[in-house]
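For reference, the structure is listed below as structure tokens.
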There are 2 protein chains.
Amino acid sequence: MTSTSRPSPAQALQTAHADRTAAVQADPAEPRWLSPAEQHLWRTFMRMRQQLDAQLARQIQAESDISIADFSVLVVLTDVPDGRVRVLELARNLQWEKSRLSHHLARMVKRGLIERAECTEDGRGSFVVITDAGRRAIEAAAPRHVELVRTLFFDPLSEEQVTQLTQISERILGAMEGCPEVLPES
Amino acid sequence: MTSTSRPSPAQALQTAHADRTAAVQADPAEPRWLSPAEQHLWRTFMRMRQQLDAQLARQIQAESDISIADFSVLVVLTDVPDGRVRVLELARNLQWEKSRLSHHLARMVKRGLIERAECTEDGRGSFVVITDAGRRAIEAAAPRHVELVRTLFFDPLSEEQVTQLTQISERILGAMEGCPEVLPES
DNA sequence: CCGATCTGGATGACATGTCAACCAAAGAGG
DNA sequence: CCTCTTTGGTTGACATGTCATCCAGATCGG
């Protein structure tokens, strides 16, 4: 424990009223806590992305027969010429764990949005194919969804900010790929 | 259906190879699809926030006894002098649905991280109080968590980008509060 | 004071996600 | 060919989140 009094976790991460700074720290055992400006950004960012997700999920759920998870699966399937993708390819594309994907695909099959097709080249693999119902479902859901993405996400931003946010996202994403701090197995 | 061929939902939202532009559109029935640059940002942004969440969740789960959800509840509790908060206050602070919060608090009680205390001023309300075990748990988890937030989120960004992202987040958040497109009831 | 309504919160049924274990087909290496 | 390991994918148990509903205590209008 250093001589400087240690902030509570709340102060370190979340309070708006903390006025300490992330002072000079030579002690490697003491983590580099967040400065007030950083705390503010972290809070705001998390709140923003959470609200954004919630709104998008609620809207698509309320106004169509599919969930946002269904939607993203169907997007990948409609993006490929024959509406037919290997499961693993899907997993990579969506960055979902294979287990999650497997469960979700099973549910989507049950709802008639997709079907499975066996893979002749590789006996263990299998394909996922979009059904007509699936196609109809996503085509019904997409316009309102895109509209909401635009309303909530793009409309408030200037062109400059769009550029900035692109660079920022790429930066953070790049840093994570380089640093498998806790690697997901993929 | 307009005379211009309509893009697939995938093209509208997700493909990298789409080269159409969000052309002039007078038809209000046709949603304003995303331009290639916008599609790229949307994909990148979503991927970034998803990876970020996943890493943070996995790390805290793996290296401590609490989940990231537990963590955020405990953060609020440690932020207040007596470690004692009304449930509704908690819900507002976390922006969680009350149902979710209720379930989660029940689980946390079962694990001994928090306790409940009755509210004398309001017979139906109740307080949540952090226990010693809860305090110990969050204090154990916080340093590594903050460190990872710093590594993954702040370190890759320049000071300028931190400023930019703060403004961007505030903008989007502000737009959502103004627009109850699909209101959460809160 | 009394019913009508609102509010804070809990609950049950169900959808979704995670982890660990499993399994069979595919590739090594000898 | 015959093991050994890898790989693609599934499964079950369990944690978590959502929706609708319910409930008791507060509040409000008379």
Side-chain angles (χ1 to χ4, degrees), chain A residues 50-51 53-73 85-111 113-114 116-128 182-186, chain B residues 50-51 53-73 85-111 113-114 116-128 182-186:
Chain A
Q50 179 183 332
Q51 284 276 107
D53 272 18
Q55 292 277 334
L56 291 175
R58 226 182 331 262
Q59 187 258 357
I60 206 170
Q61 192 90 29
E63 302 182 7
S64 71
D65 312 328
I66 60 181
S67 72
I68 201 158
D70 299 332
F71 186 86
S72 39
V73 170
V85 175
R86 276 292 286 278
V87 172
L88 196 74
E89 167 73 6
L90 210 47
R92 252 194 301 273
N93 200 314
L94 296 170
Q95 309 222 244
W96 287 7
E97 299 184 16
K98 56 185 185 168
S99 166
R100 172 184 179 188
L101 184 55
S102 190
H103 281 301
H104 200 89
L105 292 179
R107 291 183 294 245
M108 290 181 73
V109 167
K110 201 167 353 179
R111 283 176 236 146
L113 297 171
I114 59 172
R116 309 192 105 113
E118 63 176 314
C119 177
T120 46
E121 309 106 69
D122 189 332
R124 46 209 164 147
S126 91
F127 278 99
V128 178
V182 179
L183 63 171
E185 101 159 69
S186 188
Chain B
Q50 178 184 332
Q51 283 276 106
D53 272 19
Q55 292 276 336
L56 291 175
R58 223 179 337 256
Q59 186 260 356
I60 205 170
Q61 192 91 28
E63 302 182 7
S64 70
D65 312 327
I66 59 179
S67 72
I68 202 160
D70 299 333
F71 185 87
S72 40
V73 170
V85 175
R86 274 293 285 278
V87 171
L88 196 73
E89 167 72 5
L90 210 46
R92 252 194 300 272
N93 199 314
L94 296 170
Q95 309 223 248
W96 287 7
E97 297 184 19
K98 56 185 187 170
S99 165
R100 172 185 179 188
L101 184 55
S102 189
H103 281 301
H104 200 87
L105 292 180
R107 291 184 293 244
M108 290 181 73
V109 167
K110 201 168 350 180
R111 282 175 238 146
L113 297 171
I114 58 171
R116 308 193 106 114
E118 63 175 315
C119 176
T120 47
E121 308 107 66
D122 189 332
R124 51 213 161 145
S126 91
F127 278 99
V128 178
V182 178
L183 62 170
E185 99 160 73
S186 188

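Chain letters run A, B, ... following the sequence lines, proteins first, then strands; residues in each count from 1.
Under the side chain to side chain donor-acceptor pair (under 3.5 Å) criterion, A:R107 pairs with A:H104, not counting sequence neighbours. Checked against side-chain contact (heavy atoms from CB on, under 4.5 Å), A:A117 has the following partners two or more places apart in sequence or in another chain: A:F127, A:V129. Residues passing the side-chain contact (heavy atoms from CB on, under 4.5 Å) test with B:E118, sequence neighbours excluded: none. Applying the side chain to side chain donor-acceptor pair (under 3.5 Å) test to A:R124 and every residue at least two apart in sequence or in another chain returns A:D122. Under the side chain to side chain donor-acceptor pair (under 3.5 Å) criterion, B:D65 pairs with no residue, sequence neighbours left out. In this structure, the side-chain contact (heavy atoms from CB on, under 4.5 Å) partners of A:A54, at least two apart in sequence or on a different chain, are A:R58. Checked against side chain to side chain donor-acceptor pair (under 3.5 Å), A:S67 has the following partners two or more places apart in sequence or in another chain: A:D70.
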Listing time: all N or O pairs from protein to nucleotides 1-7 of chain D that are below 3.5 Å?
residue	atom	partner	partner atom	Å
D:dT7	O2	A:R124	NH1	2.7

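Taking atom CZ on A:R100 and atom P on D:dA13, their separation rounds to 22 Å, with Å as the unit. Rounded to an integer number of Å, the gap from CD of A:Q61 to C1' of D:dA20 is 14 Å. When the P atom of D:dG12 is taken as reference, atom NZ of A:K98 falls 16 Å away, rounded to whole Å.
For the residue pair B:R116 and B:S126, the shortest heavy atom distance occurs at NE-OG, 4.2 Å.
Among the protein residues, B:H103 comes within range of the nucleic acid bases, having at least one heavy atom under 4.0 Å from a base atom. The residue A:R107 sits close to a base: some heavy atom pair falls under 4.0 Å.
Among D:dC19, D:dT18, D:dG9, the nucleotide with an atom closest to any side-chain atom of A:R58 is D:dC19.
On the nucleic acid side, DNA chain C contacts chain B at distances under 4.0 Å to non-hydrogen atoms, with the end points of that region at C:dT7 to C:dA13.
With B:Q51 contributing its side chain and A:Q95 its backbone, the two residues share no donor-acceptor pair below 3.5 Å.
Position along DNA chain D of the nearest nucleotide to B:G123 versus A:L101 favours A:L101 as the more 5'-ward residue. Comparing A:T120 and A:A69, the nucleotide of DNA chain C nearest to each residue sits closer to the 5' end for A:A69. Across the interface with DNA chain C, nearest-nucleotide mapping of A:D70 and A:D122 shows A:D70 to be the residue nearer the 5′ end.
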